[in-house]
Amino acid sequence: MRKFSHVIVKRPCRAMTEGITSGLYPGRPDYNLALIQHDAYIEALKQCGVDVTVLPADEQFPDSCFVEDPAVLTERCAVITNPGAASRNGETASIEEAVRKFYPEDRIEHIISPGTLEGGDVMMCGTHFFVGRSERTNEEGIRQFIAILEKYGYTCSEVRLEEVLHLKTGVNYLENNNMLVSGEFTDKPEFEAYRKYVIPENEAYAANCIWVNDTVIVPEGYPAVLATVKAMGYRTITVDTSEFRKLDGGLSCLSLRF
Ligand code: CIR
């Protein structure tokens, strides 16, 4: 199934070495290696039949290669978010400029203060969206987001997070009712209706795989998850994300798919 036609990514900047990190995956990113990994990521996306818009690096914002957070792009509308991390809040301006090439003015919506929301907390499952209430996405941001989506005929419900950075750090929908779940999301009643594949704790990072038009991109180095995804019947491509992982970033964070 071809669901996505476009992808937006942004080149990592040198300042990424100063990006936000929880320290869960120790070390500072190697910028040159990150560029090589980003090239491979773009190549993998191209193999999934999408056109890829590559935005230039922005040295002002160390975490700006994680384009998933400043916007949520759907079939019916675009939502420019209001990132909860202060150092990332200004990332929305250049993303909005890029998004304007794909959406008419009257379909571009905004989350505004005091509401905060980051796209990593949003998981699209058909016409239903789950939104994580996290340290980056607050109650008011969720209220605004639900109101926007309902205007376009979508539904949306909240999921509380206790342990991970973003909702999609720990749970990802691979279409066809298939869901990868890890840690705190394993037994959440919210996901009962889905066919859940529980990720072993030592491969928790790889819960963040992305489905792109029936191919699933899996981070390199997680054999159990790779085997699970292959057994579901998907074509798979692996991409090494070691340098982005040091900043708590995964495969989904690095692109907007729509
Ligand atoms: C941050 O803490 O905001 C970045 N270092 C990582 C963002 C990862 N994005 C995502 O999970 N959607």
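Both backbone and side-chain heavy atoms feed into the values below; hydrogens, waters and symmetry mates do not. First listed ligand is number 1; within each ligand, the first listed atom is number 1.
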Undergrad: Would you please determine whether K168 falls within less than 4.0 Å of ligand 1 on a heavy-atom basis?
TA: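 K168: no contact with ligand 1 (<4.0 Å).
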
Undergrad: Run down the list G249, G120, C253 and name the one with the heavy atom closest to atom 10 (C) of ligand 1.
TA: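 Selected option, by shortest heavy-atom distance: C253.
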
Undergrad: Output a table of donor-acceptor pairs, distance under 3.5 Å, between side-chain atoms of residues 44-53 and any protein atom two or more places apart or on a different chain; print 'none' if there are none.
TA:
unit_1	atom_1	unit_2	atom_2	d
D51	OD1	H6	ND1	3.3
D51	OD2	H6	ND1	2.5

Undergrad: Pick out which of E140, E190, E158 makes a salt bridge (Lys or Arg N to Asp or Glu O under 4.0 Å) with R133.
TA: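 That would be E158; it is the only one of E140, E190, E158 passing the salt bridge (Lys or Arg N to Asp or Glu O under 4.0 Å) with R133.
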
Undergrad: Run the contact test for T21 against ligand 1 with a 4.0 Å cut-off on heavy atoms, strictly below, and give the result.
TA: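 Distance cut 4.0 Å: T21 fails for ligand 1.
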
Undergrad: Tell me the protein heavy atom at minimum distance from atom 6 (C) of ligand 1, and give that distance in Å.
TA: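 Nearest protein contact, heavy atoms only, for atom 6 (C) of ligand 1 is L247 O, 3.1 Å.
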
Undergrad: Identify the heavy atoms of Y234 and E175 that sit nearest to each other, and give their distance.
TA: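 The answer is OH-O, 3.4 Å.
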
Undergrad: Mind checking whether D63 contacts ligand 1 via backbone (N, CA, C, O), side chain (CB onward), both or neither, at a 4.0 Å heavy-atom cut-off?
TA: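 Side chain only.
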
Undergrad: So, K3 and E75, do they make that salt bridge, N to O below 4.0 Å?
TA: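 Salt bridge between K3 and E75, a charged N being under 4.0 Å from a carboxylate O: no.
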
Undergrad: Relative to the heavy atoms of D248, which atoms of ligand 1 are at a distance of less than 4.0 Å?
TA: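 Near D248, meaning under 4.0 Å from one of its heavy atoms, ligand 1 has 8 (C).
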
Undergrad: For atom 12 (N) of ligand 1, which of E68, K246, M16 has the closest heavy atom?
TA: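 Minimum heavy-atom distance to atom 12 (N) of ligand 1 goes to E68.
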
Undergrad: So, the side chain of S134 versus the backbone of H166: is there a donor-acceptor pair under 3.5 Å, distance only?
TA: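 Pair absent, no side-chain N/O of S134 close to backbone of H166.
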
Undergrad: Regarding K10 and E91, does a basic nitrogen lie under 4.0 Å from an acidic carboxylate oxygen?
TA: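 Salt bridge: no.
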
Undergrad: Starting from atom 9 (N) of ligand 1, find the nearest protein heavy-atom neighbour and note its residue, name and distance.
TA: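 Looking at atom 9 (N) of ligand 1, the protein heavy atom closest to it is D69 OD2, 2.9 Å.
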
Undergrad: Give a yes or no on whether the ring-centroid distance for F191 and F130 is below 6.0 angstrom.
TA: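 F191 vs F130: aromatic centres under 6.0 Å.
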
Undergrad: Heavy atoms only: which of H166, R245, R88, R136 lies closest to atom 2 (O) of ligand 1?
TA: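 When every heavy atom of H166, R245, R88, R136 is considered, R136 comes closest to atom 2 (O) of ligand 1.
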
